[in-house]
Amino acid sequence: MKTISMSQRKKRETAIASAVFLAPALIVILVYIIYPIIQSFITSCYEWNGYSSNKVFIGLGNWAELMKDKTFWKAFLNNIKVMLLSIVIQMPIGLALATFLDRVGKKGTICKVIWFIPMLMSSVAIGFLFRYALDANTGFITAISHLFGGGKIDLLGNPQTVLYTVIGIIAWQFIPFYMVYYMAGYSSLPTDIHEAAMIDGATENQYFWKISLPLLKPSIKSAIVLSMVGSLKYFDLVYVMTGGGPSHSSELMATYMYTNAFSSYRMGYASAIASGMFILISCIAIVTMRLLNRGED
Amino acid sequence: MKTNDFRRIGKRVAAFSMAAMMLALSGCGGGNGSNDNGASSGKKKLTLWHIQTSTSADIIHEAAERFNANNSEYEVEVVDKVNDSYKSDLSLAINAGTMPDIFITWGGQTMYDYADEGLICNLTEYMNKDNYVNEFVEAGIAQCTYNDKIYAVPVENVSVAGFFYNTEVFDKYNLEEPKTIAELEKICDTLVENGVAPFALANATQWTGSMYFQYLATRYGGLEPFADAAAGTGTFENDAFVYAGEKIQEWVEKGYFCDGFNGMDDDAGQARMLLYNGDAAMDLMGSWFTSTVAGENQQFIDDGKLGFFPFPALETSTADQTYSLGTIGDNLYAVSSSCEAPEVAFEMIQYLLDETSQKERKYVGKIIPLKSFTSEDPVVNEILDSVNNAAGIQLWYDQYLPAEVAEVHKQTSQEIFGLTMTPQEANAALQDAMEAYNSKNA
């Protein structure tokens, strides 16, 4: 048994090499992702204001509070609304724009550039821009309403409309992303399929529904998962525009966590929210991936 | 054999990652950005965090330059921060062990917490040197004092809240500064009839609307209801708070506040815009308002359009009607205990109040909490008068209360404005939060 065969030796070398190459990524993941997640779960068992040396262990106290916290569940529901509406609004429009640009080719370059602009702006800048644009007294929506003899329109201060307004702006921000995403999908489709379909007498309409859409299915699937996870942990635009208000009506899980951690200084409870988010988002992502991949294997 | 190999490799990977983590952790603990030697000048660096904007920020930068020119050993780096994210930035810095050497805080519970945690230096000794402490307004020093020790220096501004108004609008409709709440309501009715919003309010910011709540409660019941409720000997379900909530909802229903107030951001100037162009008449705001306007729309002041009157009195109340809401000193400059040279840091703070700084602060309309301060500006004098006449000061609730309770107060006050909660529900929620806090910290 002392002698090692060539194949075994090779296996061992491969194993060492792969370990060496994987180590940097593994270390980064351990330090910056795994460790903080574990730390969040640990912190969630404490009553702690974030800077005090007085950290009181309260077991599952924060979790019990979280289960009963209406605001958290409202925020979760808001996240679900953002998620569903983002998929329903952003995916078809993004795909439509990409299809248009793919069809017109070079002539569409100007449209391509203009449509991509929202993606280049930071969420904070977009937030401020729309804050002024939607101002109930001086904003452009009110100005348009005045033109037609209507009154002032308050979208951001009204608990009924604020969430949908924000969802609209999020769509404005992210449609260009999915447009580019689907354009990349299109460019990976072989051009001879299009030619062959045309020779066989297919119309552009038939080609889109029967051929390119099924071929784009993998792109669409991953775009949906991307959009879903992005929506569930969405934060920046809502934080800048509404801070979750008024009356929590645009509160998302991430903004609620932020308020608890850095305005109320309830770091323990905020960690429970973060951990709760982690669990909920993981469950939803796993279920969706299962559903999307069903029937493929 | 195969499994053995993997186990060994696994161990190695584990060792690697442990080592890396240790490195990262020790990097965290040891790094103290504020004390790095300045590479260019060779001087040791002190950092200063403040939340002033525009001209007022320049004053601090200039004071730091004067300090740097006169000090051969230390150099101060001034970092501009934004008001609304300041507290979170600071708590992140405290966590990361990268606290600034000099930073602003407010009075009340937050400062007491910092003092209890040993995060800020006791400055009593430096303040007493050459009787420096006697130059300050007494109420200002009182605010910086905790357990008979002085923990900060009141520098920026005496800020008390009151109504700022557009004199042009008042003249147009022949309105006089009101002395009582009934008179104020009469003015509001006139304005509403003429299509002008009486109050400009941007309440996405929450603390803006909360001022109405605080003043109304103070007018109804004086200082005791709040002090008792915060101490746990009274309750937020007291009549004073019910009155405040009901009055606000009555005003909202009568259309006294500008449209869309709960979605507007005060830091973005959305309320002031309405006041400037005459779409709204009054803005209940802290006295820093004069310097904000000076930095943003000097023309408005030059044209004599900015007026001030203190919050009117409630005739039917037996409580003292002169109380002001606010703070003496506003931003209190503290020195962190991680600072390696507190004495030098204190010297830097004194530069913020040297003759040049005083002149510049006065020029932008600030009321410096020094006994020697006088003003030629009629608006500032009116504010000074209201402070001098005040039998006492009600410190802002959100500075007085512990952070988590303050957050609930701001939230429920916004709900009262949005008519999404009754005053009774809002006060009960606030009381619950206060009791929960008190029972945890008993």
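To find a chain, count down the sequence lines: A is the first, B the second, and so on, and within it residues start at 1. Basis for what follows: all heavy atoms, side chains included, without hydrogens, waters or symmetry-related copies. No experiment lies behind these values; they were computed from the predicted model shown.
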Bottom line for B/Phe417: the part with an atom under 4.5 Å from chain A's heavy atoms is neither

Check each atom of B/Met273 against the heavy atoms of chain A and say whether the ones under 4.5 Å are side chain, backbone, both or neither. side chain

So for A/Tyr269, is it side chain, backbone, both, or neither that comes closer than 4.5 Å to the heavy atoms of chain B? neither

Under 4.5 Å from any heavy atom of chain A, what part of B/Leu90 do you find: side chain, backbone, both or neither? neither

pair A/Tyr265-B/Asp113: side-chain heavy atoms closer than 4.5 Å: no

Tell me, for A/Ser250 versus chain B, whether the close heavy atoms (under 4.5 Å) come from the side chain, the backbone, both or neither. neither

Within a radius of less than 6.0 Å around NZ of A/Lys74, do more than 12 heavy atoms belonging to other residues, nucleotides or ligands occur? yes

To the nearest 0.5 angstrom, please state how far the OG1 atom of A/Thr138 sits from the CG atom of B/Leu274. 6.5 Å

Could you pull out the closest heavy-atom pair between A/Arg131 and B/Gln270, with the gap in Å? O-NE2, 3.1 Å

N/O donor-acceptor pair under 3.5 Å between A/Tyr132 side chain and B/Ala268 backbone: yes

Should the heavy atoms of other residues, nucleotides or ligands under 6.0 Å from NZ of A/Lys10 be counted, would the total exceed 12? no

Could you look at A/Asn158 and say if it's the side chain, the backbone, both or neither that has a heavy atom under 4.5 Å from chain B? neither

If we define contacts as heavy-atom pairs under 4.5 Å, which of B/Thr420, B/Asn203, B/Leu119 has the most with chain A? B/Thr420

Between A/Asp154, A/Val56, A/Val28, which has the largest tally of heavy atom pairs under 4.5 Å with chain B? A/Asp154

Rounded distance [0.5 Å steps], CE in A/Met241 versus CG in B/Asp265: 10.0 Å

Considering heavy atoms only, which positions within residues 255-264 of chain B lie below 4.5 Å of chain A? B/Cys258, B/Asp259, B/Gly260, B/Asn262, B/Gly263, B/Met264

So if I take each residue of residues 399-413 of chain B and look for any heavy atom under 4.5 Å from a heavy atom in chain A, which residues do I end up with? B/Ala403, B/Glu404, B/Glu407, B/Gln411

Heavy-atom distance under 4.5 Å to chain A: side chain of B/Glu415, backbone, both or neither? both

